[in-house]
Amino acid sequence: MPRKKPFSNKQKKKQLQVRRERKRGDTGSGPSSRNASAERGTERQSDTSDSETTDVRRLNQQPSARDSRYDPNRFRLHFEKESREEVERRKKIAMEKILEPAAEQELEVDINDIYPEERGLDFPRRPSWNYGMSREELLRKEERSFREYLEALHSRNPLGSLSHFEHNLETWRQLWRVLEMSDIILLIVDIRHPVLQFPPTFYHYITAELQKRVVLVLNKADLCPPPLVLAWKHYLHTHFPHLHCVCFTSHPGQPYSTVLQKRRMKRKGHWNRAGGPIHIMKACQEITAGRVDLSSWEQKIQRDAAAIGTDWEQADDGVESVLVEHHSDVAMEMNNPTHELYKDGVLTLGCVGFPNVGKSSVLNSLVGRKVVSVSRTPGHTKYFQTYYLTPTVKLCDCPGLVFPSRVNKQLQILAGIYPVAQLQEPYSSVGYLCERTPYLSVLKLKHPDLGDMLPEARPVPGHEKWTAWNVCEAWAERRGYKTAKAARHDVYRSANSLLRLAVDGRLCLCLRPPGYHSQKDQWESHPDVSEIIALQGRREEEEGGGGGGGRRAGGRRRGRGRVQLRARGGEGP
């Protein structure tokens, strides 16, 4: 009897995946299908994430019915896949490299280093069209244009030099529709790292080609020291003089009680307590210059402010309902390219930004109630919808989009751009985080190797040698993360937990504009610091007289009878 051919578990897994796809009716993507839009001219892309021949990973796979016309995987994230050798190399470095505190200057980032002009880091544009074209012709033209865009981008940038960016044309289509139908673009960024999420080519396209205005919303302002918030506003105003910059926070005065708390201390009606809606409204008033009646919006903000002091359960009864508009594919694809500004006296605000910058939270805060589901997972918002804030103001929420840039992968992960759950090797990102934050004083870790040492051989407390792997082991021991079979420390789960702490802001890494370290005293004594403190919902004595928020990393603040911890990056352990 001939000997059986070896059949590995990996091959078996791949075979089962193919069978499931065949059972669901997912036989691949044809040239005219929407799933083909992300393909780069090859047939090597598949949904098998562990395949050696896959160069694009398609995340968040969802089952689909065989006879259904709706494809649930149409808006899933597409990222380039890393090689197995690169993953193993970084894992080895994380186990051997001793962590050293990074210098202050290493946290200073210039926008020209992230988006260099000579690299051609543009975003895909919608090709020209006319009403005589059929729907199929338009889709094919868009797919062909997107493939040409990817080829041109990769020809000017060597493999591995670009950050992970969106390869799904369907998500870019959502952006095109939002830009066409909006009068003012609310470009939302995370104040902890705004230059990572502000593509200059995108700004110039909106202002020069579309002839529309941009309001830059510096969201999550409560996670940054007030002097640093002012420094970023000044830096962006210097580079883009006509840009309207406003600060915003959906959770003013609601910090985490401890680094282990899963959620902020949310109060009743917390969406109604946001700091910054009045600044967005004033920026829009300045842009529209009286062409749109925004008095209803101003009255709504005043009503929401008055409702904070009352019982929210009673105040909620009088809140008007929110009209939600759903758009069909045909309505989106055949939008009028020559959009009339402020049509019918209605101002349309488009909320655009990278994943996980808080677009949905900003929209909920402006409305004053939860109308959009919120998640810390990038790519949660799949499809744009519009909401009437008042009869004359309409909001449009766009899915998060990752633009091509020169951001290293560790920083992309800590900025919440790349999903933590999809990481194959999270340990190098943990090391990057620990070198830039006071992790020992915040996490209260005990070195895992001390238990095996004799008392006389143990190092002086505070002078232990840590690696990223040691940090993950120590955190797993403190949290009780164990593997199922051998009951060892689950370092992978521990690393993911630490990265989620960073994304949520409980272990906060804040980048700085160039020259911030040398001008730190100037920003701490700036007269506008008190305004930022009031927006954050804090008291000046909590911030050391208006400038002490950034003086030390693990600042203690008292509020609601508890000692609250916040770790800010850049001061060293």
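All heavy atoms count here, side chains included; hydrogens, waters and symmetry mates do not.
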Item to check | Over all atoms of both residues, closest heavy-atom pair of S429 and L499 | outcome: CB-CD2, 3.8 Å

Checklist entry - Are any non-hydrogen side-chain atoms of F248 and P277 less than 4.5 angstrom apart? => result yes

Checklist outcome for this item: Which of L162, N157, L153 passes side-chain contact (heavy atoms from CB on, under 4.5 Å) with R119? It is N157

Checklist outcome for this item: Sorted by chain and number, sequence neighbours left out, side chain to side chain contact (heavy atoms under 4.5 Å, CB included) with A231 holds for P513, Y516, W523

Item to check | Spacing of L175 atom CG and W172 atom CH2 [to the nearest 0.5 Å] | outcome: 6.5 Å

Checklist entry - Is it true that E180 and R126 make a salt bridge, defined as a side-chain N closer than 4.0 Å to a carboxylate O? => result yes

Next on the checklist: Within the structure provided, determine whether D397 and K359 are in side-chain contact (heavy-atom separation under 4.5 Å).
Outcome noted: yes

Checklist entry - Side-chain contact, heavy-atom cut-off 4.5 Å: V503 with N356? => result yes

Checklist entry - Can any side-chain N or O of R173 pair as donor or acceptor with the backbone N or O of E142 at less than 3.5 Å? => result no

Checklist entry - Between S134 and E137, do the side chains contain an N or O donor and an N or O acceptor separated by less than 3.5 Å? => result yes

Checklist outcome for this item: One should read off an interatomic distance between W297 CH2 and I278 CD1, to the nearest 0.5 angstrom, of 9.0 Å

Next on the checklist: Would you say that V189 contacts F354 through its side chain, given a criterion of any heavy-atom pair below 4.5 Å between the two side chains?
Outcome noted: no

Checklist outcome for this item: When rounded to the nearest 0.5 Å, the distance separating CD1 of I185 from CG of L216 is 12.5 Å

Checklist entry - Tell me, do L433 and L509 make a side-chain contact under 4.5 Å, heavy atoms counted? => result yes

Next on the checklist: Could you check whether H242 and F240 have their ring centres less than 6.0 Å apart?
Outcome noted: no

Less than 3.5 Å apart, which donor and acceptor atoms pair up between the side chains of residues 279-289 and the rest of the protein, not counting sequence neighbours?
| unit_1 | atom_1 | unit_2 | atom_2 | d |
| --- | --- | --- | --- | --- |
| T288 | OG1 | C284 | O | 2.8 |
| T288 | OG1 | Q285 | O | 3.4 |

Item to check | Side chain to side chain, L223 and C510, heavy atoms closer than 4.5 Å | outcome: no

Next on the checklist: Check this for me, if you would: do R90 and E86 make a salt bridge, where the nitrogen-to-carboxylate-oxygen distance has to be below 4.0 angstrom?
Outcome noted: yes

Checklist entry - Could you go step by step and tell me if F202 and H204 meet the ring-ring contact (aromatic ring centres under 6.0 Å, His included) rule? => result CA-CA 6 Å; F202 182 62; H204 294 308; over 10 Å; no

Checklist entry - For E117, does the CD atom sit with more than 12 other heavy atoms under 6.0 Å from it, leaving out its own atoms? => result no

Item to check | S296-T390 side chain donor-acceptor pair, cut-off 3.5 Å | outcome: yes

Checklist outcome for this item: Minimal heavy-atom distance between F146 and H167, with the atoms involved, is CE2-O, 3.5 Å

Checklist entry - Any idea which heavy atoms bring P404 and Y115 closest together, and the distance? => result O-CE2, 3.5 Å

Item to check | Any residue meeting salt bridge (charged side-chain N to carboxylate O under 4.0 Å, His left out) with D122, in chain and number order, not counting sequence neighbours | outcome: R125

Checklist outcome for this item: In short, I188 meets V357 closest at the heavy-atom pair O-CG2, 3.5 Å

Item to check | Audit row: L389, L363, side chain to side chain contact (heavy atoms under 4.5 Å, CB included) steps and yes/no | outcome: CA-CA 9 Å; L389 178 62; L363 195 146; over 6 Å; no

Checklist entry - Short question: side chain of S155, backbone of A152 - any donor-acceptor pair under 3.5 Å? => result yes

Checklist entry - Hey, what do you get for CG (L414) to CG (L501), rounding to the nearest 0.5 Å? => result 11.5 Å

Next on the checklist: For R192, is there any backbone N or O sitting under 3.5 Å from a side-chain donor or acceptor partner on W232?
Outcome noted: no

Checklist entry - Is a side-chain donor-acceptor pair under 3.5 Å present for S8 with Q11? => result yes

Next on the checklist: Set out, in order, the CA-CA distance, both residues' side-chain angles and the distance that settles side chain to side chain contact (heavy atoms under 4.5 Å, CB included) for K409 and L423, then state yes or no.
Outcome noted: CA-CA 11 Å; K409 185 179 180 183; L423 288 177; 3.9 Å; yes

Checklist entry - So D190 and Q197, side chain to side chain contact (heavy atoms under 4.5 Å, CB included) or not? Walk me through it. => result CA-CA 8 Å; D190 192 326; Q197 301 153 349; 3.5 Å; yes

Checklist entry - Just by modelled atom types, is the K141 backbone N or O under 3.5 Å from a matching donor or acceptor in the W129 side chain? => result no

Next on the checklist: Just so I know, are the side chains of C247 and V229 near enough to count as touching, which here means a heavy-atom distance under 4.5 Å?
Outcome noted: yes

Checklist entry - Quick one: does T249's side chain have a donor or acceptor within less than 3.5 Å of a partner on H251's backbone? => result yes

Checklist entry - Atom CD1 of I111 and atom NE2 of H239: how far apart are they, to the nearest 0.5 Å? => result 7.0 Å

Checklist entry - Can you list the steps and then say if F123 with Y205 is a ring-ring contact (aromatic ring centres under 6.0 Å, His included)? => result CA-CA 10 Å; F123 70 99; Y205 170 76; 5.2 Å; yes

Next on the checklist: Whether the T348 and S182 side chains hold a donor-acceptor pair (N or O, under 3.5 Å, no angle test) is what I'd like checked.
Outcome noted: no

Checklist outcome for this item: Scanning both residues in full, the closest heavy-atom pair of H237 with C245 reads NE2-CB, 3.8 Å

Next on the checklist: Rounded at 0.5 Å granularity, tell me how far CZ in R213 sits from CD1 in I184.
Outcome noted: 8.0 Å

Checklist entry - Is it true that R140 and E143 make a salt bridge, defined as a side-chain N closer than 4.0 Å to a carboxylate O? => result no

Checklist entry - Quick one: are Y388 and V346 in side-chain contact, heavy atoms under 4.5 Å? => result yes

Item to check | From CA spacing to verdict: side chain to side chain contact (heavy atoms under 4.5 Å, CB included), L179, I206 | outcome: CA-CA 8 Å; L179 294 180; I206 297 174; 4.1 Å; yes

Checklist entry - If every non-hydrogen atom of R156 is compared with every non-hydrogen atom of E118, which pair is closest and at what distance? => result NH2-O, 2.7 Å

